Number of protein chains: 2
Amino acid sequence: MSRRFAATAPRGEQLLFLTDDQLRNGIELMFFAYRGFTADPDLLLEDYGYGRAHHRALHFVNRRPGLTVNALLDILGVTKQSLNRVLRQLVEDGLIDSRVGETDRRQRNLFLTESGKALERSLSESQRTRMRKAYMEAGPEAVHGFRTVLEQMIDPDMRPRVLGLVGDGDD
Amino acid sequence: MSRRFAATAPRGEQLLFLTDDQLRNGIELMFFAYRGFTADPDLLLEDYGYGRAHHRALHFVNRRPGLTVNALLDILGVTKQSLNRVLRQLVEDGLIDSRVGETDRRQRNLFLTESGKALERSLSESQRTRMRKAYMEAGPEAVHGFRTVLEQMIDPDMRPRVLGLVGDGDD
DNA sequence: TTGGATAGTCAACAAGACTGACTTAAAAAG
DNA sequence: CTTTTTAAGTCAGTCTTGTTGACTATCCAA
């Protein structure tokens with residue numbers, strides 16, 4: 001009974017009773033939510049013969065235009081060889097523009113072309129729609145909590161690389 | 001200025017101004033959080049020569065003892081053949097016990113052995129620790145919001161299969 | 001008891017990640 | 001001006017995990 005109450009945890013302070021079961025619920029929730037979250041773009045990507053890796057590359061190049069390959073590598077946390085395959089395709093297909101660096105000519109600065117932007121938009125559109133709906137349903141307070149917990153979940157030394165975090169603290 | 005205010009959305013009602021950029025922030029957040037969330041168990045799994053698929057199987061068999069292969073298939077959303085390889089390994093290695101169904105002898109009911117339970121525990125321990133920390137840092141209200149938004153993100157026809165949702169609505 | 005549907009298994013193959021060794025070009029250090 | 005380091009890209013091989021197709025065993029209904 002008191003277990004059930006703690007498991008529900010509507011917004012009281014009994015959250016300090018964090019049973020392993022409650023935490024496992026959270027784990028499961030993450031799994032299913034992430035799946036729902038990637039389901040729509042995955043379908044679209046198939047039509048293009050692309051995978052999730054392509055989506056990630058498009059996303060981050062869109063958000064950080066002029067990004068170098070190394071920086072992207074660092075963000076994605078994959079190997080150079082793995083990213084390169086994906087990047088080469090995207091450049092060949094005219095979705096990404098790879099320009100020789102101005103100050104350091106060894107570097108390549110990455111930009112989305114117009115068609116790259118178009119694909120990124122249509123890929124993220126389904127995700128944005130889903131997220132907008134979730135945000136609307138859940139309400140502003142829930143969204144704030146959602147963001148707060150998720151930020152805490154990010155690897156600490158990864159946090160500086162997350163754009164959305166800047167100026168989002170509420171302290 | 002008003003844009004920046006909306007982007008912060010401390011807990012007011014201006015959440016209706018959901019810019020694409022805010023939503024993309026959420027998308028990015030999901031990406032990084034999920035990565036942080038799986039990082040620890042991934043390391044452990046390597047030592048055993050297992051992958052994430054093994055972890056998922058162990059997790060769900062632990063939470064729903066006696067689960068049939070078909071039911072697990074349905075939860076994981078992969079093909080029977082893909083799951084089977086993983087399952088076979090786990091059975092061979094003595095982590096999962098596969099018992100012929102009592103009413104329907106075609107079915108196999110899955111259970112964790114003692115060593116299966118031990119591995120599941122140590123795998124989820126790192127995740128639970130991370131999640132516990134995130135929950136503590138964020139506070140009870142944030143956790144509630146976190147859960148609410150994540151639930152909304154799950155594919156609607158998947159929701160009945162998520163254990164943690166039962167009796168967790170606050171309506 | 002025959003035939004179809006369902007539960008699970010086996011085999012071969014493909015995508016996408018990884019490691020390791022290497023090349024090329026440019027920058028930085030000596 | 002050489003040498004070393006760094007950024008990027010490539011080739012080859014492996015591993016995990018997904019796929020499709022063909023198969024066995026069991027149940028159930030005609």
Side-chain angles (χ1 to χ4, degrees), chain A residues 31 34-35 38-39 41-58 60-61 66-93 96-111, chain B residues 31 34-35 38-39 41-61 66-93 96-111 123:
Chain A
F31 169 71
Y34 195 76
R35 265 246 311 252
T38 52
D42 281 356
L43 285 176
L44 243 163
L45 286 159
E46 254 179 66
D47 301 340
Y48 289 78
Y50 291 151
R52 234 174 252 182
H54 300 83
H55 185 187
R56 289 192 283 254
L58 291 171
F60 285 107
V61 172
L67 197 71
T68 65
V69 174
N70 237 344
L72 184 53
L73 234 44
D74 187 51
I75 287 170
L76 294 178
V78 296
T79 59
K80 183 166 53 163
Q81 297 88 330
S82 184
L83 174 60
N84 206 258
R85 191 188 326 119
V86 166
L87 226 43
R88 193 172 47 215
Q89 280 181 275
L90 292 172
V91 170
E92 276 173 8
D93 296 354
I96 283 187
D97 188 14
S98 170
R99 300 184 208 152
V100 172
E102 296 190 354
T103 65
D104 187 334
R105 294 168 41 79
R106 287 172 304 179
Q107 296 182 334
R108 300 288 180 276
N109 295 108
L110 306 172
F111 301 88
Chain B
F31 169 71
Y34 196 76
R35 265 246 310 252
T38 52
D42 281 358
L43 285 176
L44 242 163
L45 286 159
E46 254 178 66
D47 301 339
Y48 289 79
Y50 291 151
R52 236 176 249 181
H54 301 83
H55 185 186
R56 290 193 283 257
L58 290 172
H59 170 92
F60 285 108
V61 172
L67 196 73
T68 65
V69 174
N70 234 347
L72 183 53
L73 233 45
D74 188 50
I75 288 170
L76 295 178
V78 295
T79 58
K80 181 159 59 159
Q81 296 86 334
S82 180
L83 173 60
N84 205 256
R85 192 187 320 113
V86 166
L87 228 42
R88 192 172 49 217
Q89 280 181 276
L90 293 171
V91 170
E92 275 173 10
D93 297 353
I96 283 187
D97 188 12
S98 170
R99 300 183 208 155
V100 172
E102 295 190 354
T103 66
D104 188 336
R105 293 167 41 79
R106 288 172 305 180
Q107 296 182 334
R108 300 287 179 276
N109 295 108
L110 305 172
F111 302 87
L123 280 173

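Protein chains get the first letters and strands the later ones, always in sequence-line order, with residue 1 at the start of each. As a basis for the values below, the full set of heavy atoms in this structure was taken, side chains included, without hydrogen atoms, waters or symmetry mates. Every value quoted in this text rests on a predicted model; they were computed, and no experiment measured them.
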OP1, OP2 of [N] versus side-chain N and O of [X]: anything below 4.0 Å?
| X | N | value |
| --- | --- | --- |
| A:Asn70 | D:dT6 | no |
| A:Ser82 | C:dC18 | yes |
| A:Asn84 | D:dG9 | yes |
| B:Arg52 | D:dT17 | no |
| B:Thr79 | D:dG18 | no |

- Quiz item: A:Arg85 side-chain donor-acceptor pair to C:dG16 base, under 3.5 Å: no
- Considering only heavy atoms and no angle criterion, is a donor-acceptor pair shorter than 3.5 Å present between the side chain of B:Gln81 and the base of D:dG18?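 Under the 3.5 Å cut-off, the side chain and the base do not form any donor-acceptor pair.
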- Note: contacts of residues 97-108 of chain A with DNA chain C (heavy atom, under 4.0 Å) are A:Thr103, A:Asp104, A:Arg105, A:Arg106
Give the rounded distance in Å between these two atoms: [atom1] of [X] and [atom2] of [N].
| X | N | atom1 | atom2 | value |
| --- | --- | --- | --- | --- |
| B:Leu90 | D:dT16 | CG | P | 13 Å |
| B:Leu76 | C:dG8 | CG | P | 13 Å |
| A:Leu45 | C:dA15 | CG | P | 15 Å |
| B:Leu73 | C:dT9 | CG | P | 10 Å |
| A:Lys80 | C:dC22 | NZ | C1' | 10 Å |
| A:His55 | C:dG16 | NE2 | P | 15 Å |
| B:Arg88 | C:dG8 | CZ | C1' | 11 Å |
| A:Leu67 | D:dA7 | CG | P | 14 Å |

- Of all the choices, D:dA7, D:dT17, D:dT19, which nucleotide is nearest to the side chain of B:His54 once you look at every atom?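 It is D:dT17.
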- From the candidates D:dT10, D:dA8, D:dT17, the one with an atom nearest any side-chain atom of A:Thr68 is D:dA8
- Which heavy-atom pair separates B:Arg35 from A:Gly77 by the least distance, and what is that distance?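 Closest pair (atom of B:Arg35, atom of A:Gly77, distance): NH1-N, 3.9 Å.
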- Which is it for B:Gln107 and B:Asn70 under the side-chain contact (heavy atoms from CB on, under 4.5 Å) test, yes or no, and what are the steps along the way? CA-CA 8 Å; B:Gln107 296 182 334; B:Asn70 234 347; over 6 Å; no
- So, the side chain of B:Arg52 versus the backbone of B:Pro41: is there a donor-acceptor pair under 3.5 Å, distance only?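 No, because the side chain of B:Arg52 does not come within donor-acceptor range (under 3.5 Å) of the backbone of B:Pro41.
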- Query: So, A:Asp93 versus A:Tyr50: side-chain donor-acceptor pair below 3.5 Å or not?
  - Reply: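 Yes, a side-chain donor-acceptor pair sits under 3.5 Å.
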- Task: Sort out for me which residue in B:Leu110, B:Asp97, B:Ile96 forms a side-chain contact (heavy atoms from CB on, under 4.5 Å) with B:Val91.
- Result: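 The residue from B:Leu110, B:Asp97, B:Ile96 that satisfies side-chain contact (heavy atoms from CB on, under 4.5 Å) with B:Val91 turns out to be B:Ile96.
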- Task: Check step by step if side-chain contact (heavy atoms from CB on, under 4.5 Å) holds for A:Asn109 and A:Thr68.
- Result: CA-CA 5 Å; A:Asn109 295 108; A:Thr68 65; 3.7 Å; yes
- Item | Within 6.0 angstrom of A:Phe111 CZ, more than 12 heavy atoms from elsewhere |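 Counting other residues, nucleotides and ligands, CZ of A:Phe111 exceeds 12 neighbours.
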